[in-house]
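Written out below as C-alpha cells is the structure these notes cover.
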Amino acid sequence: MTAACPTCGRDLERRPAGVGEVVVGSLRAVVDGPVVAACPEGHVTGPVRPELGDLLLERVREELLVSRRTALRRRLRCGACGDELTIPGRRTVRSVSLHVPAVGVVRVTFDLPMLRCPGCGQQQVPQEVAERDLAPAVSAALGPGSPRRP
C-alpha cells in the first residue's frame, strides 16, 4: 500500500533525494541513491526511511578510521596502531556505501583531509574533523527533512 498526500489525497511518488554537493567545515560530501516520498502536486516531501541519516552516519563511522589526540601534549596518534602521526596530511576522496531496505544502495562520497600513519600505513581522518564535520555533512547532503545530529 502506498502512502497518500494528506493535502490532496494523491499517491506519493518515490523521487531521488539529496542536495548535491555540500561543504561543511573542512570536508565536502555528496550523497547518491536515497529517495523521498513526494506528492506530485508538491504538497509533501519526506524521507522514505526517517532513520536514513543515522544509518548512513553509523556506517561512515565504521568505515573511516579516525585518529585520536593524546591528553598530554595533544599529539595525534594512529587510530589503529597508536604511532604518532608525523606525515603531513593531504586531501583524499573516500566513499562509503550502505544498502538500506526500501531505499536501495546509498553512497556518500567525501573529499576530506586524511593522515597516513608512518607505522602501519593506514589512512585516517583527523579526530577534530570527524567529531566536528562528519555528522553535519551527512545530514546536510541528505537534504531537508533529514535528522540533524550534533
Side-chain angles (χ1 to χ4, degrees), residues 3 5-6 12-39 42-150:
C5 174
L12 298 178
E13 301 173 341
R14 292 169 55 99
R15 295 184 184 163
V19 296
E21 184 175 304
V22 296
V23 177
V24 176
S26 61
L27 60 86
R28 286 189 174 92
V30 177
V31 176
D32 298 313
V35 293
V36 295
C39 173
H43 298 125
V44 174
T45 302
V48 172
R49 296 281 305 262
E51 71 278 9
L52 180 60
D54 292 336
L55 294 172
L56 190 55
L57 185 58
E58 182 180 320
R59 179 56 159 247
V60 166
R61 288 183 173 151
E62 290 171 1
E63 295 279 326
L64 296 179
L65 181 62
V66 177
S67 67
R68 58 184 170 76
R69 192 168 289 282
T70 61
L72 184 62
R73 297 190 186 168
R74 307 288 300 152
R75 297 188 186 215
L76 282 174
R77 296 279 180 182
C78 176
C81 72
D83 278 0
E84 186 172 353
L85 300 175
T86 56
I87 299 174
R90 65 184 177 131
R91 294 202 66 86
T92 306
V93 175
R94 287 286 183 266
S95 291
V96 176
S97 297
L98 173 67
H99 180 270
V100 181
V103 174
V105 176
V106 179
R107 181 180 64 236
V108 61
T109 303
F110 295 105
D111 177 353
L112 72 170
M114 297 285 276
L115 303 170
R116 181 180 297 276
C117 175
C120 67
Q122 293 283 333
Q123 286 199 14
Q124 50 212 283
V125 180
Q127 181 179 3
E128 293 82 11
V129 173
E131 291 173 353
R132 180 189 64 221
D133 300 337
L134 278 178
V138 169
S139 180
L142 282 172
S146 64
R148 304 288 178 200
R149 290 181 59 125

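Small disclaimer: the values here were computed from a predicted structure and weren't measured.
- Between atom CG of residue Asp54 and atom CZ of residue Arg59 there is a gap of 15.0 Å, rounded to the nearest 0.5 Å.
- Of the candidates Arg75, Gln127, Gln124, Gln127 is the only one forming a side-chain contact (heavy atoms from CB on, under 4.5 Å) with Arg68.
- The shortest side-chain heavy-atom distance between Phe110 and Val125 does not fall under the 4.5 Å cut-off.
- In terms of heavy atoms, Leu52 sits closest to Val106 at CD1-CG2, 4.1 Å.
- What you find for Val24 and Pro136 is that their closest heavy atoms are CG1-CB, 3.8 Å.
- Residues Asp83 and Cys117 approach most closely at CB-SG, 3.9 Å, considering heavy atoms.
- Side-chain N/O atoms of Thr109 and Asp32 include no donor and acceptor closer than 3.5 Å.
- In this structure, CG in Leu65 is found 7.5 Å from CE in Met114, a value given to the nearest 0.5 Å.
- For the residue pair Pro113 and Val129, the shortest heavy atom distance occurs at CG-CG2, 3.9 Å.
- Other residues, nucleotides and ligands contribute at most 12 non-hydrogen atoms within 6.0 Å of the CZ atom of Arg73.
- Leu115 CG to Gln122 CD: the interatomic distance, rounded to the nearest 0.5 Å, is 12.5 Å.
- Here the side chains of Gln123 and Arg94 are in contact, with some heavy-atom distance below 4.5 Å.
- Inter-residue side-chain proximity for Leu134 and Leu27 is flagged as met; some heavy-atom pair is nearer than 4.5 Å.
- Scanning both residues, Val31 and Ala141, for their nearest heavy atoms gives CG2-CB, 3.4 Å.
- We find the OG-CG distance between Ser67 and Leu76 to be 4.5 Å, quoted to the nearest 0.5 Å.
- Note that the CZ atom of Arg116 and the OG1 atom of Thr92 stand 8.0 Å from one another [nearest 0.5 Å].
- For the residue pair Leu57 and Ala135, the shortest heavy atom distance occurs at CD2-CB, 3.5 Å.
- Side chains of Asp133 and Ser26 form a contact here, defined as non-hydrogen atoms less than 4.5 Å apart.
- Pro118 places a side-chain heavy atom less than 4.5 Å from the side chain of Leu85.
- Within the model, atoms CD of Glu63 and OG of Ser97 stand 8.5 Å from one another, a figure rounded to the nearest 0.5 Å.
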